[in-house]
Amino acid sequence: ATPQPHPDIRVGAPLVPPVAGQVIVSYQIIDPEVGCCKCNDLTTTGWILFIIGCLFLWPMAVVICFMPNCKEKKQVPVYGYPGEAPPTAQPVYAGAPPPAPPAAEAAPESKV
């Protein structure tokens, strides 16, 4: 089965171009880059807030570029040879709880 891209996330160009004979083995989600003057991947809400910021409080309009919630994530295809396992695991989302630690064996009590 061919891996399908995640719905509602824009597909970007691969980070590494494919070699002849390679196929898509998975998709990797890339978090947006935040910072000053990095407003090229704003969401619709981000652009609206940026324009409102420019109109009413123009020195603070660039704050929108530092907010990851106002930027779009993208996914890129990961290429490999048919039957090859994906090189990376599925991404862990920022809101996901951390994995549970392995159960520790009970240490014998020492009698002093």
Taking only residues two or more places apart in sequence or in another chain, which ones pass side chain to side chain contact (heavy atoms under 4.5 Å, CB included) with [X]?
X	result
V16	none
L49	T45, I64, C70
I51	L55

Do you know the tightest heavy-atom contact between [X] and [Y]?
X	Y	answer
K73	I29	CD-CG2, 4.0 Å
A13	V76	O-CG1, 3.1 Å
P14	P77	CB-O, 3.7 Å
Y79	V25	C-CG2, 4.1 Å

- Query: Within a strict 4.5 Å, meaning less than it, do heavy atoms of the V19 and Y81 side chains meet?
  - Reply: yes
- Item | Pairwise salt bridge (Lys or Arg N to Asp or Glu O under 4.0 Å) hits with a residue in residues 4-25, at least two apart |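 Matches after skipping sequence neighbours: R10-E72.
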- Please collect all salt bridge (Lys or Arg N to Asp or Glu O under 4.0 Å) contacts where either partner lies in residues 55-71, sequence neighbours excluded, each pair once. D41-K71
- Item | Pairwise distance CG(L42) to CZ(F50) - rounded to 0.5 angstrom | 7.5 Å
- Item | Spacing of CD1 belonging to I30 relative to CG belonging to L15, to within rounding of 0.5 Å | 5.0 Å
- Not counting sequence neighbours, which residues clear salt bridge (charged side-chain N to carboxylate O under 4.0 Å, His left out) with K74? List them please. none
